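One structure is given here, and the rest of the page talks about it.
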Number of protein chains: 2
Amino acid sequence: MINRLRVLRAERAWSQQDLAERLDVSRQSVNAIETGRYDPSLPLAFRIADLFGLTIEEIFTNPNRKD
Amino acid sequence: MINRLRVLRAERAWSQQDLAERLDVSRQSVNAIETGRYDPSLPLAFRIADLFGLTIEEIFTNPNRKD
DNA sequence: CCCATATGGAAAGCTTGGTTGACATTCCGC
DNA sequence: GCGGAATGTCAACCAAGCTTTCCATATGGG
C-alpha cells in the first residue's frame, strides 16, 4: 500500500502535526503512515480522503492490483 | 461505516463462504463485516472493491461524512 | 552557539481486525 | 422428520492500528 500523503501535505505546507490535528490522530500515526510503517484503518482512510477532497483510490494504491 | 457487501454478494448468489474464499479471509470475517461488527482493513477493502469492480466509496460509506 | 520547529523512530500498552473452532438456528430437499 | 447448507455468534487467540512517552537528528533564526 503506497500513498501520496506526503505530497498532499507538502502542497498545503502543513507539518505532520498540523495534519494529525486535522485528522484527529497522533503525529506519530501520520508519520508512520507516510513512511509506510503501516496502513491506516478504513475509517481513517475516509477521513484523509474527505480532508483532501479526493477519493481513497486517488490517495492510496494497492500494489497487488493488476491495473 | 456501513457497506453494501451483503447486496453485492446476493446479486452474485455467493455464500459468505464463497466470498470469504475469493477474498482470502475466513467466513467469520465476512460475516462480521456484513453485520457491521467491525470494518475491514484498508488492504482488504481494496480487495473487496477489486473483486466487485467498484470503488471503495461505492461499497463503503462513512456515516460521519457530510455528503 | 542556542533554541525552537520538523521529522524519524523505538517501546509499551490498549483497541480493533482477523483466525480457528465450536455451537445454535433456519430453511430446503428428500 | 432427517440431513445438509447457510448464517449468526461466542471464546480464545494472534496481528495490526493507534496512543503516549521518549530520544535522536536536522535545519534555520536570533
Side-chain angles (χ1 to χ4, degrees):
Chain A
M1 207 91 226
I2 61 179
N3 69 76
R4 307 203 311 117
L5 213 50
R6 166 157 280 147
V7 183
L8 296 168
R9 186 170 62 81
E11 285 174 356
R12 286 155 184 80
W14 290 342
S15 67
Q16 292 183 342
Q17 182 65 49
D18 292 334
L19 178 55
E21 285 167 11
R22 287 172 208 260
L23 294 173
D24 199 36
V25 292
S26 68
R27 181 185 70 82
Q28 283 78 355
S29 289
V30 169
N31 182 41
I33 293 167
E34 281 194 2
T35 57
R37 282 207 301 284
Y38 58 70
D39 299 323
S41 65
L42 187 56
L44 179 50
F46 265 95
R47 274 184 273 150
I48 294 171
D50 282 352
L51 179 60
F52 292 111
L54 299 169
T55 64
I56 291 182
E57 285 82 359
E58 285 168 335
I59 303 177
F60 299 91
T61 54
N62 188 344
N64 293 359
R65 280 173 119 183
K66 324 122 183 107
D67 293 330
Chain B
M1 203 93 224
I2 62 180
N3 70 74
R4 306 202 313 118
L5 213 50
R6 167 157 281 149
V7 183
L8 296 168
R9 185 170 64 79
E11 283 173 358
R12 286 155 185 79
W14 291 343
S15 67
Q16 293 183 342
Q17 182 65 47
D18 292 334
L19 178 55
E21 284 167 11
R22 287 172 209 258
L23 294 172
D24 198 37
V25 293
S26 68
R27 180 185 69 81
Q28 285 82 346
S29 289
V30 168
N31 183 42
I33 293 167
E34 282 194 0
T35 56
R37 281 208 300 283
Y38 57 70
D39 298 322
S41 66
L42 187 56
L44 178 51
F46 265 95
R47 272 185 274 149
I48 294 171
D50 282 353
L51 179 59
F52 291 110
L54 298 170
T55 64
I56 291 182
E57 285 82 359
E58 286 168 334
I59 303 177
F60 299 92
T61 53
N62 188 344
N64 293 0
R65 280 172 118 183
K66 324 121 185 114
D67 293 332

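Chain naming here is simple, since letters A, B, ... match the order of the sequence lines and numbering starts at 1 in each. None of these values were measured; they are calculated from a predicted model.
Put simply, CD1 on Ile33(A) is 15 Å from P on dA16(D), counting in whole angstrom units. One atom, CH2 of Trp14(B), and another, C1' of dA5(D), lie 19 Å apart when rounded to the nearest Å.
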- Message: Apply side chain to side chain contact (heavy atoms under 4.5 Å, CB included) to residues Met1(B) and Thr61(B) and explain how you reach the verdict.
- Response: CA-CA 6 Å; Met1(B) 203 93 224; Thr61(B) 53; 6.0 Å; no
- Query: So Phe60(A) and Ile48(A), side chain to side chain contact (heavy atoms under 4.5 Å, CB included) or not? Walk me through it.
  - Reply: CA-CA 10 Å; Phe60(A) 299 91; Ile48(A) 294 171; 4.0 Å; yes
- Between Ile56(B) and Leu42(B), does a side chain to side chain contact (heavy atoms under 4.5 Å, CB included) hold up when you go through it step by step? CA-CA 9 Å; Ile56(B) 291 182; Leu42(B) 187 56; 4.2 Å; yes
- Message: Between Leu5(A) and Leu19(A), is the side chain to side chain contact (heavy atoms under 4.5 Å, CB included) condition met? List the steps.
- Response: CA-CA 10 Å; Leu5(A) 213 50; Leu19(A) 178 55; 4.1 Å; yes
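The C1' atoms of five pairs define one axis at each end of the helix from dC1(C)-dG30(D) to dC30(C)-dG1(D), and these two axes lie 30° apart (to 10°).
The two residues Glu58(A) and Arg4(A) make their nearest non-hydrogen contact at O-NE, 3.4 Å.
For the atom pair Leu23(B) CG and Asp18(B) CG, the distance stands at 11.0 Å (nearest 0.5 Å). Rounded to the nearest 0.5 angstrom, Phe46(B) CZ and Thr55(B) OG1 are separated by 10.0 Å. For the atom pair Asp39(A) CG and Asn62(A) CG, the distance stands at 9.0 Å (nearest 0.5 Å). Residue Glu21(A) holds its CD atom at 11.5 Å from OG of Ser26(A), rounded to the nearest 0.5 Å.
Looking only at distances, no side-chain donor or acceptor of Asp50(B) sits under 3.5 Å from a matching main-chain atom of Arg47(B). Asn3(B) places a side-chain N or O within 3.5 Å of a backbone atom of Ile33(B) that can act as its donor or acceptor partner.
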Using the 3.5 Å cut-off, write out each protein N or O paired with an N or O of nucleotides 28-30 of chain D and the distance between them.
none

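Applying the ring-ring contact (aromatic ring centres under 6.0 Å, His included) test to pairs two or more places apart or on separate chains, those with a residue in residues 12-43 of chain B are Trp14(B)-Phe52(B).
Proximity of residues 23-31 of chain B to DNA chain D (heavy atom under 4.0 angstrom from any strand atom) is restricted to Arg27(B), Gln28(B), Asn31(B). Taking every heavy atom of residues 36-45 of chain B and every atom of DNA chain D, pairs under 4.0 Å involve Arg37(B), by number.
You can see that DNA chain C meets the heavy atoms of chain B within a 4.0 Å-exclusive cut from dG17(C) to dA22(C), reading 5' to 3'.
For the side-chain contact (heavy atoms from CB on, under 4.5 Å) criterion with Val30(A), the lone passing option out of Gln28(A), Glu34(A), Arg27(A) is Glu34(A).
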